[in-house]
Undergrad: 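Got a structure for you, questions after.
Just so you know, these numbers use all the heavy atoms, side chains as well, and skip hydrogens, waters and symmetry mates.
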Amino acid sequence: MMTTNARQAAIERARACFLRACWLDVAVRKPGNVSQASPGHGMQASMFIASAEAAAGALFEPGLRVGARIEAAVAATWAVAGCNTNLGILLLCAPIALAVEQHPQAATPAALRAAMASVLAALDIDDARAAYRAIAQAHPGGLGTAPAEDVRDAPSVNLRAAMALAADRDLIARQYRDGFADLFALAFQQPVQPAGWGEAPADAGAPPDTATVAFVQRLYLACLSAFPDSHIVRKHGERVAQTVMTAAQAWQERAGAGVALDAEPGFAAWDLSLKAAGVNPGTSADFTVAALLLSGWIRSCAAPAREAANGWHGS
């Protein structure tokens, strides 16, 4: 049986993976999204880092249910950012955080997905109430009304059932209905993450290395190429989302051929043009962060074994 100290260590490891994923989200240029190289949509990269640091406490607070984690993390975010910087990230990552807490020995993708299934099956109406309050506070761009279980009304079903009602129009809601199938497929696609990508650099101010940048950009483009971005659809319509998808597919092909996208002037130009048009593939960014959390967690589970094999006993 896992000790309390070991469980807490697993939670802290997952929290570190989350913060690393959120840092990479803005450390790497992802066209249309805010980054350290390119602010946009009235926001700066520093707002996203501050949001992640503020939200992490609630997101990984032991004993909290999924809905409570989402609600408390949104409140903490607003206290430092004053706007919605991470609602989609929190909706995706809260069930992951609880799955890791409840099943800290889930060290393979299959085991982690089974842990997630257990968390999703236990969602109740209190989770829905808390998540509804969080969504209403965050007020994501393009949020319309729903014919049933609208977030402005009190829910009458559990959170998973409520998300299922929105699954056909929202990719994040679909993950709750489908056991996070799309997210797991993205996180553990080939090629796998480069060795060491999930480890913080020795110099905290150092940018990510070339392999890590390429990996993050491939994740982002894989999502943006496969699905019409829900945030774009809500704000600009299906046609614009499809146009962005087509452009992403072309860049994904170049990335797959080994092209360093940051060295391509057209890649930065695409980024700036999306921002000039007010087009932000926010759902694809949220997926990238959550996929980085999943793959980072699995890699972190292997670290103790690697250390033992190398004869490392701490310092």
Side-chain angles (χ1 to χ4, degrees), residues 2-28 36 45-46 48-64 66 69-70 72-73 76-77 80 85-86 89-109 111-112 115-116 119 183-184 187-188 192-209 211-213 215-216 219 285-308 310 312-315:
M2 180 165 282
T3 66
T4 300
N5 286 345
R7 187 178 301 276
Q8 185 59 40
I11 293 170
E12 288 303 314
R13 207 166 70 241
R15 182 179 182 275
C17 290
F18 169 76
L19 290 173
R20 172 71 168 163
C22 291
W23 174 71
L24 287 171
D25 178 45
V26 294
V28 175
Q36 290 172 341
S46 59
F48 289 79
I49 298 298
S51 297
E53 292 171 348
L59 201 60
F60 293 92
E61 178 67 29
L64 289 187
V66 167
R69 290 170 195 251
I70 295 167
T77 295
V80 299
T85 55
N86 60 7
I89 290 171
L90 301 177
L91 290 170
L92 289 170
C93 292
I96 300 171
L98 183 54
V100 167
E101 178 184 330
Q102 293 181 343
H103 304 274
Q105 293 172 314
T108 66
L112 183 55
M116 290 286 293
V119 167
L183 183 62
F184 271 79
F188 301 110
V192 297
Q193 65 270 24
W197 83 262
E199 300 163 8
D203 178 0
D209 61 37
T212 299
V213 169
F215 175 65
V216 173
L219 272 180
D286 299 337
F287 256 63
T288 301
V289 171
L292 289 169
L293 170 57
L294 287 178
S295 57
W297 164 256
I298 295 301
R299 183 169 179 81
S300 80
C301 291
R306 291 199 304 271
E307 290 160 359
N310 293 332
W312 187 87
H313 300 289
S315 57

Undergrad: Supply the atom-to-atom distance L112 CG to L294 CG, rounded to the nearest 0.5 angstrom.
TA: 5.5 Å
Undergrad: Where do V26 and A45 come nearest, in terms of heavy atoms and distance?
TA: CB-CB, 3.9 Å
Undergrad: Mind listing the closest non-hydrogen atom pair of W297 and A10 along with its distance?
TA: CZ3-O, 3.4 Å
Undergrad: Between the main-chain N or O of L64 and the side-chain N or O of R69, is there a donor-acceptor pair closer than 3.5 Å?
TA: yes
Undergrad: Is the shortest heavy-atom distance from the side chain of T288 to the side chain of V28 under 4.5 Å?
TA: no
Undergrad: Is there side-chain contact between L292 and R20, with at least one heavy-atom pair below 4.5 Å?
TA: no
Undergrad: A94 and I70: which non-hydrogen atoms are nearest, and at how many Å?
TA: CB-CG1, 3.6 Å
Undergrad: Which distance, rounded to the nearest 0.5 Å, do you find between the CD of Q36 and the CD1 of I49?
TA: 6.0 Å
Undergrad: Rounded to the nearest 0.5 Å, what separates atom CD in E53 from atom CZ in F18?
TA: 10.0 Å
Undergrad: Check step by step if side chain to side chain contact (heavy atoms under 4.5 Å, CB included) holds for L92 and L293.
TA: CA-CA 10 Å; L92 289 170; L293 170 57; over 6 Å; no
Undergrad: Does any part of the side chain of P208, heavy atoms only, come nearer than 4.5 Å to the side chain of V216, both counted from C-beta?
TA: no
Undergrad: For A52, does its backbone N or O pair with a side-chain atom of W23 as donor and acceptor, under 3.5 Å?
TA: no
Undergrad: Output, in order, the C-alpha distance, side-chain angles, deciding distance and verdict of side chain to side chain donor-acceptor pair (under 3.5 Å) for T77 and N86.
TA: CA-CA 8 Å; T77 295; N86 60 7; 2.9 Å; yes
Undergrad: Minimum heavy-atom separation for V119 to Q102, with atom names?
TA: CG2-OE1, 3.6 Å
Undergrad: Looking at G57 and R15, what are the two nearest heavy atoms and their distance?
TA: N-NE, 4.4 Å
Undergrad: Hey, is the main chain of G63 close enough, under 3.5 Å, to the side chain of E101 for a donor-acceptor pair?
TA: yes
Undergrad: What heavy-atom pair brings A73 and A58 nearest, and what distance separates the two atoms?
TA: N-CB, 3.6 Å
Undergrad: Does any part of the side chain of L24, heavy atoms only, come nearer than 4.5 Å to the side chain of F215, both counted from C-beta?
TA: no
Undergrad: If you round to the nearest 0.5 Å, how far is CZ of F287 from CD1 of I89?
TA: 12.0 Å
